[in-house]
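In what follows, a structure is listed as C-alpha cells, so that the remarks can point back to it.
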Amino acid sequence: MNLADLNKVALAMVTPGKGLLAADESSGTIKKRFDDINVASTEGTRRDYREMLFRASEAMTQYISGVILYDETIWQNAADGTPLVRLIEQSGAIPGIKVDEGTQALPGCPGELITTGLDQLAGRLEKYYRQGARFAKWRAVIDIGQDIPSRTAIHVNAHALARYAALCQAAQIVPIVEPEVLMDGDHDIDRCYEVTERVLNKTFQELRIQRVALEGMILKPNMVIAGKKSPKQASVAEVAEKTIRLLKTCVPAAVPGIAFLSGGQSDQDATAHLDAMNRTSGLPWPLTFSYGRALQAAPQKAWSGKAENVAAGKLAFIHRARMNSLASKGEWQADLEARKAA
Ligand code: 5MM
C-alpha cells in the first residue's frame, strides 16, 4: 500500500467546491427509479441515462470530483464506443466503484441486515483498479425501530466495513466507508444522534483493529436527522449543529474528508443542511456531498427516457450539482434555486 497516493486520491475526492455523484444504483434500485418516470430499465436505457450525466460537462468539470459506478456501468461504452469510465476521466473526475453486493437478513437479529460481498473481493478490486477505479464504496444499513439496532448488527456491519476498507487499501483503492443509519421510521433527531454515535464509534474501533489507515479513506455518513415519519422535524440549524457535534466526537481529524449521503431528504433539504454545516468555522475536515437521489431525481424527471430531453436532463443535473457545490463551500442561498442553469 502506498498511503501517500491513497491520501492524494482521498483529498482530490473532497476538493473544495466539488463532491461525489453516487450513480451506483444496483439493477433493482435503478428499475424502481425508472418505474417512477415510466422508463423500461434495460442495459441500453441505463447506459443512455448515465451517459447523459457524464456528458453534462459543466457539472462534471466544475462540481463533481468523482462518480461511484455500479459493476455494469464500469464496463459499458457510450453510444459512440467511448468507455464510460474514459468520459469520467476526461472531465477530470475520478471513477469509483460500489463493491458491496447488497444486503441479506442477519441471522438471529429479526428485521436487521448485513451487507455482503467480502468473498472474492480482493480479486474483484484488482480488476476494477485495472479498469480505472481509484476509490470504492461499501454501504452498511442500520435501521432504527423498536428494540433495534442491536449491538450485534452494529458490530458485524462495522466489522465488514473495516474488512472491506483494509482490502481496498491493499489494492491501492480508497475506501468510502458508508455506515448508513436510515431515516425511515418515526424516531426523533436525538434518537438518530444516539444510534449514529454508537455506529460511528464501533466503525472507527473496527477500522483501527483492522489497521485501516484513516488518511487513506473517506467517510460517507448520514446526517443527524429525525425519521421521515416523525411528527417532530428538526430545523436546518438543529440538523447542522447536531451533525457537526456528533462528527467531532466520533471522527478523527486524520480522515481526509466526509461526504454525506442524502438518504431520502428532499433535494433542497440535502443542500440546505450541507450549506448550514459549511457555514461553521474551524471544521477539522472538508464536508461535501456524495448524493444519489438528491442529485439525480431532477435530471431523471427532466429526461424521462426521451432523446429530445437529454439537454433538459443535463441542465437539471448541472443545476443540482452547482447548488451542492455552493453548499459545500457554505455559499448556497435558497433564492438561487429559482435560477436554473440555461
Ligand atoms: C445511489 O444509490 C446507491 C445504491 O443503492 P443500492 O445498492 O441499494 O441500489 C446508494 O448506496 C447510495 O450511494 C447511498 O445510499 C447514497 O445515496 P442517497 O440517495 O442516499 O444520497
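Start at 1 and go down the list; that is how both ligands and their atoms are numbered. Note that this is a predicted model, so its numbers are computed, not measured.
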Next item on the list: Name the orientation class of the two ring planes belonging to Phe289 and Tyr291 (parallel below 30°, tilted from 30 to 60°, perpendicular beyond 60°).
Entry: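 Answer is tilted, since the angle falls between 30° and 60°.
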Check: Taking atom CD of Gln120 as the centre, does the number of heavy atoms from other residues, nucleotides or ligands within less than 6.0 Å exceed 12?
Finding: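 Counting other residues, nucleotides and ligands, CD of Gln120 stays at 12 neighbours or fewer.
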Item checked: Contacts of Lys232 that satisfy salt bridge (Lys or Arg N to Asp or Glu O under 4.0 Å) - sequence neighbours left out ->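 In terms of salt bridge (Lys or Arg N to Asp or Glu O under 4.0 Å), with neighbours along the sequence ignored, Lys232 is linked to Asp188.
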Next item on the list: Kindly give the cluster partners of Val236, where membership spreads through any ILVMFWY side chain lying under 4.5 Å from a current member.
Entry: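 Listed partners: none, Val236 stands alone.
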Next item on the list: Mind checking side chain to side chain donor-acceptor pair (under 3.5 Å) for Tyr164 and listing every partner two or more places apart, or none if nothing turns up?
Entry: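 For Tyr164, no residue satisfies side chain to side chain donor-acceptor pair (under 3.5 Å) once neighbours in sequence are set aside.
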Notebook entry, point to check: With side chains defined as the heavy atoms from C-beta onward, is the minimum distance between Phe317 and Met52 less than 4.5 Å?
Noted result: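 No. Closest side-chain heavy atoms not under 4.5 Å.
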Next item on the list: Output the set of protein residues with a heavy-atom contact under 4.0 Å to ligand 1, ordered first by chain identifier and then by residue number.
Entry: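 Residues near ligand 1: Ala22, Asp24, Glu25, Ser26, Thr29, Lys98, Lys137, Arg139, Glu178, Glu180, Lys220, Leu261, Ser262, Gly263, Tyr291, Gly292, Arg293.
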